[in-house]
Amino acid sequence: MRSAVSGLELRTPDTLGEALEMLAGNPSLVPLAGGTDVYVDLQFGTAAPAAYMDISGLEELRFVEERGDVLALGGGTTFAAILRSEAVLLRLPMLVEAAATVGGAQIQAAATVGGNIANASPAGDSLPVFAAADATLVLRSASGERRVPFNDFYTGYRETRLGPGELIVAVEVPPVRGPQWYRKVGTRAAQAISKVVMAAVRARRPRVAFGSVAPTPVRATHAEEALASGAGAAEVRAALARDISPIDDVRSTASYRLAVAGNLLLSWWEQGEAG
């Protein structure tokens, strides 16, 4: 039986070096890791014809390592691996909570951190976590490696600073000091795209990030300043409205998203104050 992927060109490198050389020779190759988003696009005919490069078997991209103070996650690390990692649970528990909301067990076993980031959907479940954690992306091509702050990576809807021939080989997370928090609001508890998703760190200067409320994941810097200054609820909501720009779409309305984002933010902050 032929499927939507039948007849598409698929190349399969054996090593990361070989993958980077393939990309250098043909930057239009689309890296395919878990494929959980690509397959949907192919199934619905929304993906343009392309040649793909299967990097799902590259063990060099699958790791969780503590490198001094830094927690490093390989771009090919699956969300199932994150759920099993004691290091991630200890140092970045909000990412474990996010991983648990990435579809069901089958999707968690296939979907990767690098794929979630590179897909650049503003609804990506893990993206607010990395934004709130001030993570850094390690991008590598055949000609070298560079690091880009996660919060500078997205330039617009589905647009990133990933250059031709580059792969996301790792995410580096510095120490996150302060209680962490994560909430996803969707139609169902799992296997649903978020209407609003939020990650936050309680510290002297709170760190708050949202997804599904703007063309890209966003740090809510005005809301962070309002919370840090002791502003009241109305002022915090007004500050948040400067940070996010929800839209009406098939999943929800802009007014609902704005109200829920404010509710999540204040609920998190008040819970902390009470504790």
Side-chain angles (χ1 to χ4, degrees), residues 34 36-37 40 73 79 82-83 88 92-104 107-108 111-135 137 150-151 153-154 156-158 160 171 173 176 179-202 206-224 227 236-237 239-269 271-272:
T36 51
D37 285 301
V40 173
L73 308 169
F79 288 100
I82 287 170
L83 287 169
V88 179
L92 201 60
M94 57 183 170
L95 182 59
V96 175
E97 293 188 50
T101 72
V102 179
I107 294 176
Q108 291 161 11
T112 65
V113 168
N116 203 221
I117 294 170
N119 189 44
S121 166
D125 293 322
S126 70
L127 307 190
V129 172
F130 295 124
D134 282 330
L137 301 180
F150 182 86
N151 285 311
F153 184 63
Y154 297 104
Y157 180 71
R158 299 275 188 176
T160 75
V171 187
V173 183
V176 178
Q180 302 172 30
W181 197 83
Y182 179 88
R183 287 292 184 279
K184 172 180 173 179
V185 176
T187 304
R188 300 184 299 271
Q191 309 230 33
I193 298 173
S194 64
K195 296 180 178 182
V196 178
V197 57
M198 171 183 157
V201 179
R202 177 173 290 274
R207 290 147 63 178
V208 181
F210 283 92
S212 289
V213 291
T216 68
V218 294
R219 273 289 290 273
T221 55
H222 293 98
E224 291 174 356
L227 292 171
V236 171
R237 286 185 184 273
L240 179 62
R242 298 173 62 190
D243 292 317
I244 65 178
S245 52
I247 60 171
D248 294 326
D249 65 12
V250 295
R251 293 196 302 278
S252 195
T253 64
S255 59
Y256 175 87
R257 287 182 161 117
L258 183 59
V260 169
N263 292 346
L264 288 176
L265 181 63
L266 291 169
S267 174
W268 162 67
W269 192 247
Q271 286 175 27

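Because the structure is a prediction, the values reported are computed rather than measured.
When each of Val171, Asn116, Ile82, Val197 is paired with Ser126, the side-chain contact (heavy atoms from CB on, under 4.5 Å) condition holds for Asn116 and for no other.
Looking at heavy atoms from C-beta onward, Tyr182 lies in side-chain contact with Asp125 at the 4.5 angstrom threshold. For the pair Trp181/Leu264, a side-chain contact is recorded, criterion being any heavy-atom separation below 4.5 Å from C-beta on. Counting heavy atoms from C-beta outward, Arg257 and Asp249 have side chains that approach closer than 4.5 Å. Between Val213 and Leu258, the closest side-chain pair of non-hydrogen atoms is not below 4.5 Å.
Counted within 6.0 Å of CZ on Arg242, heavy atoms from surrounding residues, nucleotides or ligands total 12 or fewer; the atom is thus considered open.
With hydrogens and angles ignored, the 3.5 Å screen pairs a side-chain donor or acceptor of Asp243 with a backbone N or O of Ala223. Proximity of a side-chain donor or acceptor of Ser212 to a complementary backbone N or O of Ser194 within less than 3.5 Å is detected.
Scanning for salt bridge (charged side-chain N to carboxylate O under 4.0 Å, His left out) contacts around Arg207 gives Asp134, with sequence neighbours left out.
A cation-pi contact, defined as under 6.0 Å to the ring centre and within 45° of the axis, links Arg202 to Trp268.
Nearest heavy atom pair, residue Ala259 against residue Arg237, reads O-NH1, 3.5 Å. Contact record, Met94 with Val201: CE-CG2, 3.7 Å, taken as the closest heavy-atom pair.
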Problem - Check against side chain to side chain contact (heavy atoms under 4.5 Å, CB included), Asp248 and Tyr256 - result: CA-CA 9 Å; Asp248 294 326; Tyr256 175 87; over 6 Å; no
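No donor-acceptor contact under 3.5 angstrom links the side chains of Thr101 and Glu97, judged on distance only.
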